[in-house]
Structures are given as C-alpha cells and as structure tokens.
Trainee: 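Sending over a structure as structure tokens; questions will come in a sec.
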Amino acid sequence: MSEFLMLFRGSDGRSLQPSPEQAQAHTQRWADWIGGLAQEGKMLSAQPLSANGKTVTGTKMVITDGPYLEGKELVGGYLMLKVDSFEEAVEIAKQCPILEFETGSVEIRAIEAMMM
C-alpha cells in the first residue's frame with residue numbers, strides 16, 4: 001500500500017452562488033465521497049483549508065498575507081489516501097465532487113519516505 005495526497009484546487013461552488021438546496025446537495029456529495037473512502041479504509045485524513053493565511057518567502061523571511069491566488073489555483077483542502085497504486089488514486093480522484101465545476105481540479109501526489 002502507498003500513501004497519496006490529493007490537493008483540491010479551484011471552485012468550491014461559492015462563487016457560483018448556488019441555491020441553498022444546490023449547496024446542500026453538493027456538500028452531501030462531498031460527505032458521501034469522503035465517507036465511502038473512510039469506510040473502505042482508504043482515507044487517512046481530510047480537511048478543508050481556510051482562505052486566510054500567511055506566506056513566508058526566501059532568505060529574508062518576507063511575510064505576506066495570503067495566499068491570494070486566482071480561484072482555479074487556490075488550494076481549498078486536502079485528502080490523504082492509502083491505496084494499492086497511483087492508478088487507484090487517480091480513479092478515486094475522478095469521483096471527487098470538485099470536478100462538478102469547470103475550474104475544479106484534483107492534484108495527486110505520492111508521499112515519499114523522508115531520507116534522513
């Protein structure tokens with residue numbers, strides 16, 4: 001088994017101004033998708049990320065408010081998986097509710113062992 005990180009980028013639907021019913025239905029699809037992965041023992045952790053933060057840059061330690069990126073670039077959350085292969089992680093990502101939006105995307109990265 002290998003561990004993978006999924007980063008959810010782009011629209012979460014708030015910018016589309018969905019009706020309360022549409023927003024609730026979308027939230028339920030997230031709960032069902034993540035809940036199913038948890039029941040299968042494939043999800044290690046998952047959380048949404050706050051839109052507020054700070055960025056520390058370079059050797060001069062410049063600290064700025066942010067991240068302020070275009071909506072399609074903004075990381076809205078993550079999910080860590082433990083599955084048999086990269087291909088399985090990709091198939092799981094294809095079911096992600098963020099893909100209901102044109103600007104939504106899922107970045108999948110294998111987690112490597114840290115060399116000390």
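The analysis underlying the following values was restricted to heavy atoms, covering all of them including side chains, and did not include hydrogens, waters or symmetry mates.
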Trainee: Mind checking side chain to side chain donor-acceptor pair (under 3.5 Å) for E21 and listing every partner two or more places apart, or none if nothing turns up?
Mentor: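 Checked E21 against side chain to side chain donor-acceptor pair (under 3.5 Å); matches are S19.
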Trainee: Can you check whether V90 reaches I108 side chain to side chain, under 4.5 Å on heavy atoms?
Mentor: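 Yes, their side chains come closer than 4.5 Å.
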Trainee: Locate the shortest heavy-atom distance separating V83 from I92; write the atom from each residue and the value.
Mentor: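 What the structure gives for the nearest pair is CG1-CD1, 3.8 Å.
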Trainee: Rounded to the nearest 0.5 Å, what separates atom CD in E107 from atom CZ in R109?
Mentor: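 The distance works out to 5.0 Å.
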Trainee: As a quick check of understanding, evaluate side chain to side chain contact (heavy atoms under 4.5 Å, CB included) for F4 and I111, giving each step before the final call.
Mentor: CA-CA 5 Å; F4 298 89; I111 298 176; 5.8 Å; no
Trainee: State the CG-CZ distance between D32 and R29, to the nearest 0.5 angstrom.
Mentor: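 Atom-to-atom, D32:CG and R29:CZ are 9.0 Å apart.
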Trainee: Show every donor-acceptor pair shorter than 3.5 Å between a side-chain atom in residues 35-44 and any protein atom, with sequence neighbours excluded, or say none if there are none.
Mentor:
| from | atom 1 | to | atom 2 | distance (Å) |
| --- | --- | --- | --- | --- |
| E40 | OE1 | K42 | NZ | 3.3 |
| K42 | NZ | E88 | OE2 | 2.8 |

Trainee: So which atom in V106 and which in A93 form the shortest heavy-atom distance, rounded to 0.1 Å?
Mentor: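 So the two residues come closest at CG1-CB, 3.8 Å.
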Trainee: If the condition is side chain to side chain donor-acceptor pair (under 3.5 Å), which residues does Q95 pass it with, not counting sequence neighbours?
Mentor: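 Residues passing side chain to side chain donor-acceptor pair (under 3.5 Å) with Q95: none at all.
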Trainee: Would you please test C96 and W33 for side chain to side chain contact (heavy atoms under 4.5 Å, CB included) and show each step?
Mentor: CA-CA 7 Å; C96 180; W33 183 66; 3.8 Å; yes
Trainee: Which pairs count as salt bridge (charged side-chain N to carboxylate O under 4.0 Å, His left out) when at least one residue sits in residues 76-85, sequence neighbours excluded?
Mentor: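 Every pair satisfying salt bridge (charged side-chain N to carboxylate O under 4.0 Å, His left out) with a residue in residues 76-85: there are none.
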Trainee: Atom OH of Y78 and atom CZ of F8: how far apart are they, to the nearest 0.5 Å?
Mentor: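 Nearest 0.5 Å value for the OH-CZ distance: 10.5 Å.
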Trainee: Just jot down the side chain to side chain donor-acceptor pair (under 3.5 Å) partners of K60, sequence neighbours excluded, or say none.
Mentor: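 Result, side chain to side chain donor-acceptor pair (under 3.5 Å) vs K60: none returned.
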Trainee: Considering all heavy atoms of both residues, which atom of A46 and which atom of I34 are nearest to each other, and what is their separation?
Mentor: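 Closest heavy-atom pair between A46 and I34: CB-CD1, 4.5 Å.
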Trainee: State, with a plain yes or no, whether a side-chain heavy atom of T64 is found less than 4.5 Å away from one of K54.
Mentor: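 When only atoms from C-beta onward are counted, K54 and T64 do not touch, as no gap falls below 4.5 Å.
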Trainee: Name all residues meeting the side chain to side chain donor-acceptor pair (under 3.5 Å) criterion together with E91; count only those two or more places apart in sequence or in a different chain, and write none if there are none.
Mentor: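 If we apply the side chain to side chain donor-acceptor pair (under 3.5 Å) test to E91, skipping adjacent residues, the hits are K94.
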Trainee: Do you know which two heavy atoms are closest between S105 and I98, and how far apart they sit?
Mentor: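 In terms of heavy atoms, the two residues are closest at O-CG2, 3.9 Å.
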